[in-house]
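Comments concern the structure below.
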Amino acid sequence: MDIHEYQAKEILQGFGVKVPPGGLAYSPEQATYRAHEIGGDKWVVKAQVHTGGRGKAGGVKVCSDEHEVFDAANAMFGKKLVTHQSGPAGKIVYRVYIEGGVEIERELYLGFVLDRSTERIMVVASSEGGMEIEEIAEDEPESIVRSLIDPAVGLTEFQAREIAFELGITGKQMQQAVATIMGSYRAFRDLDATMVEINPLVLTTDGNILALDAKMGFDDNAMFRRPEISELRDKSQEDPRETRAADRGLSYVGLEGNIGCIVNGAGLAMATMDMIKTSGGEPANFLDIGGGASPERVAKAFRLVRSDENVDAILVNIFAGINRCDWVAEGVVEALTNNPVDVPVIVRLAGTNVDEGRQIIADSGLPILMATTLSEAAKISVGSCPRHEDKINHTAEAA
Ligand code: ADP
Ligand code: MG
């Protein structure tokens with residue numbers, strides 16, 4: 001789960017990270033009021049959307065009077081912000097954050113991520129902040145500092161000092177930098193975060209260290225014990241397909257292709273997507289309906305996959321271990337009888353009671369294409385609908 005910049009800043013502030021004064025606004029009038037409250041003679045109006053790269057896409061505006069603040073906010077509200085990170089669908093701006101303008105001397109990068117290969121939290125920092133970490137890795141790879149945190153000890157002050165030193169921080173600023181690094185780490189660890197990114201972390205001309213941007217992501221599976229964090233969820237920023245799925249207890253990730261997938265088990269779902277690709281097709285989604293896929297869950301999954309209008313065929317791939325193929329087959333038949341679909345449906349069943357399952361589908365008289373192996377199922381799916389690429393080209397020509 002992701003949260004907004006202003007929410008991440010509030011959290012980090014609670015852990016001792018310094019941020020500029022700021023306030024949230026839901027209208028241009030409120031934006032000017034916020035600017036007035038903050039005071040000073042320079043403000044930054046920032047679109048609150050769950051994506052980075054806002055600056056380059058017009059989502060961060062520096063203003064020098066309240067009229068400019070009004071106009072900048074007015075131009076952002078209700079607009080779709082498409083950044084190079086947001087995907088073509090973009091994110092709609094419903095909230096803006098007004099922040100005091102800061103005189104920047106130097107922009108740094110500070111991030112915390114889970115490093116899977118070492119199974120540790122890793123601090124990633126760079127003296128070349130402001131640009132994305134991918135760009136830094138490309139243009140200034142030698143500026144990147146990586147430091148692994150020993151889970152038995154946690155991040156030590158010594159380690160934080162070493163990181164700050166490598167960022168070129170000296171003198172009075174050292175203590176502030178250590179407090180920022182330690183505070184961000186505690187927020188990461190104490191709140192079940194999967195990512196904390198402060199980019200840029202800036203040294204100001206008057207000698208302070210401030211987080212000018214903040215991003216936090218959290219482990220969905222830990223949100224049951226972090227009610228104060230789950231409350232920060234903003235559904236307007238999520239893919240509506242994924243929100244619907246999450247509300248129904250299904251694990252779904254929307255993709256760009258046109259073959260809808262209904263699969264039980266995450267590993268099998270991944271294999272199914274690979275097989276579709278190998279057969280020359282493009283999956284429209286990842287969907288794991290879980291181990292004990294009841295007829296109700298199968299029906300829900302069908303409704304979900306069909307609500308994506310890009311779907312030209314639906315591939316159901318079930319391996320019944322704990323589950324039973326006849327049970328799943330009943331779910332498929334029930335779902336399709338109650339809500340017939342106008343795209344080909346391909347079903348591959350394997351495992352417990354497979355013969356009974358196949359029989360139920362055959363007896364239903366529904367136009368379901370049966371497959372025995374996964375590769376056969378993928379080939380039939382790809383062969384039974386227009387190629388995803390052709391569709392894109394066709395749409396492009398028509399436009
Ligand atoms: P994004 O990463 O989405 O583009 P940022 O919050 O990092 O958005 O803002 C982009 C740039 O705008 C920053 O790198 C910084 O140079 C500038 N900026 C952001 N907030 C402020 C601020 N309060 N004062 C001065 N400049 C700012
Ligand atoms: Mg940023």
Side-chain angles (χ1 to χ4, degrees), residues 2-13 17-25 31 34-66 68-69 72-73 75-76 79-87 90-113 124-137 139-140 143-144 167 180 184 195-217 234 237:
D2 294 331
I3 61 173
H4 287 294
E5 171 196 4
Y6 78 93
Q7 297 166 327
K9 281 181 168 165
E10 199 177 309
I11 291 175
L12 291 171
Q13 211 178 0
V17 176
K18 285 201 189 162
V19 301
L24 190 67
R34 289 292 185 217
H36 186 74
E37 270 181 342
I38 294 163
D41 54 9
K42 195 173 125 190
W43 299 272
V44 183
V45 176
K46 309 180 80 175
Q48 296 301 290
V49 281
H50 285 186
T51 176
R54 296 164 303 166
K56 284 184 194 134
V60 177
K61 282 267 155 63
V62 181
C63 304
S64 47
D65 64 46
E66 288 180 16
E68 282 183 30
V69 170
M76 286 179 199
K79 287 274 164 52
K80 191 194 284 177
L81 198 65
V82 180
T83 78
H84 61 96
Q85 284 185 18
S86 68
K91 302 275 180 186
I92 298 177
V93 184
Y94 295 109
R95 309 174 192 187
V96 301
Y97 188 57
I98 319 301
E99 194 169 70
V102 170
E103 299 299 336
I104 303 170
E105 192 169 286
R106 217 145 71 75
E107 298 195 323
L108 313 172
Y109 176 95
L110 177 65
F112 294 76
V113 287
V124 183
S126 163
S127 51
E128 307 297 320
M131 48 184 169
E132 319 289 321
I133 189 66
E134 292 82 6
E135 289 174 81
I136 303 175
D139 301 348
E140 310 275 347
S143 78
I144 298 181
L167 296 177
T180 304
S184 311
M195 191 266 292
V196 172
E197 185 185 68
I198 302 178
N199 186 26
L201 174 71
V202 299
L203 307 185
T204 66
T205 49
D206 56 2
N208 279 310
I209 297 188
L210 296 177
L212 279 210
D213 190 8
K215 241 196 209 173
M216 287 185 85
D234 180 357
Q237 298 297 309

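Whatever order the structure lists ligands and atoms in, that order sets their numbers, starting from 1.
Looking at atom 4 (O) of ligand 1, its nearest protein heavy atom turns out to be Gly55 N, 2.7 Å. The protein heavy atom nearest to atom 22 (C) of ligand 1 is Val44 CG2, 3.4 Å. At the shortest separation from atom 27 (C) of ligand 1 among protein heavy atoms lies Leu212 CD1, 3.4 Å. With respect to atom 12 (O) of ligand 1, the closest heavy atom belonging to the protein is Val60 CG1, 3.8 Å. For atom 23 (N) of ligand 1, the nearest non-hydrogen atom of the protein is Glu99 OE1, 2.7 Å.
Gly22 does not count as a contact of ligand 1, since none of its heavy atoms falls under 4.0 Å from the ligand.
Listed by atom number, the atoms of ligand 1 under 4.0 Å from Ile104 heavy atoms are 16 (O), 26 (N). Near Asn199, with a cut-off below 4.0 Å to any heavy atom, the atoms of ligand 1 are 7 (O). Listed by atom number, the atoms of ligand 1 under 4.0 Å from Gly52 heavy atoms are 3 (O). Close contacts of ligand 1 with Gly101, meaning ligand atoms under 4.0 Å from a residue heavy atom, involve 24 (N). With ligand atoms numbered from 1 in the order given, ligand 1 contributes 7 (O), 13 (C), 14 (O) to contacts under 4.0 Å with heavy atoms of Pro200.
Put simply, the side chain of Thr83 gets close to the backbone of Gly52: a donor and an acceptor are under 3.5 Å apart. For the pair Ser184 (side chain) and Thr180 (backbone), a donor-acceptor distance under 3.5 Å is present. Arg95 places no side-chain N or O within 3.5 Å of a backbone atom of Leu24 that could act as its donor or acceptor partner.
Any N or O atom pair closer than 3.5 Å counts here, and Pro20 shares no such pair with ligand 1.
Side-chain contact between Met216 and Ile11 is present, with heavy atoms from C-beta onward closer than 4.5 Å.
Heavy atoms from both the backbone and the side chain of Val102 come within less than 4.0 Å of ligand 1. Heavy atoms from both the backbone and the side chain of Arg54 come within less than 4.0 Å of ligand 1.
Counting all heavy atoms, side chain and backbone alike, Leu212 lies closest to Lys46 at O-NZ, 2.7 Å. The shortest non-hydrogen separation linking Gly130 to Asn199 is N-OD1, 2.8 Å.
Of the residues Glu107, Glu103, Arg106, the one that meets the side chain to side chain contact (heavy atoms under 4.5 Å, CB included) test with Val202 is Glu107. Paired with Gln237 under the rule side chain to side chain contact (heavy atoms under 4.5 Å, CB included), one option of Ile3, Val49, Ile92 passes, and it is Val49.
Around atom 5 (P) of ligand 1, the closest heavy atom drawn from Thr204, Asp213, Thr83 belongs to Asp213. Closest to atom 16 (O) of ligand 1 by heavy atom, among Lys215, Lys46, Glu107, is Glu107.
The neighbour count for His84 NE2, taken as heavy atoms of other residues, nucleotides or ligands under 6.0 Å away, is above 12. Environment of CG in Asp206: crowded, with over 12 heavy atoms of neighbouring residues, nucleotides or ligands closer than 6.0 Å. Heavy-atom neighbours of Glu68 CD from other residues, nucleotides or ligands within 6.0 Å: above the threshold of 12.
With a cut-off of 2.8 Å, the Mg ion (ligand 2) has an N, O or S atom of Asp213 in range.
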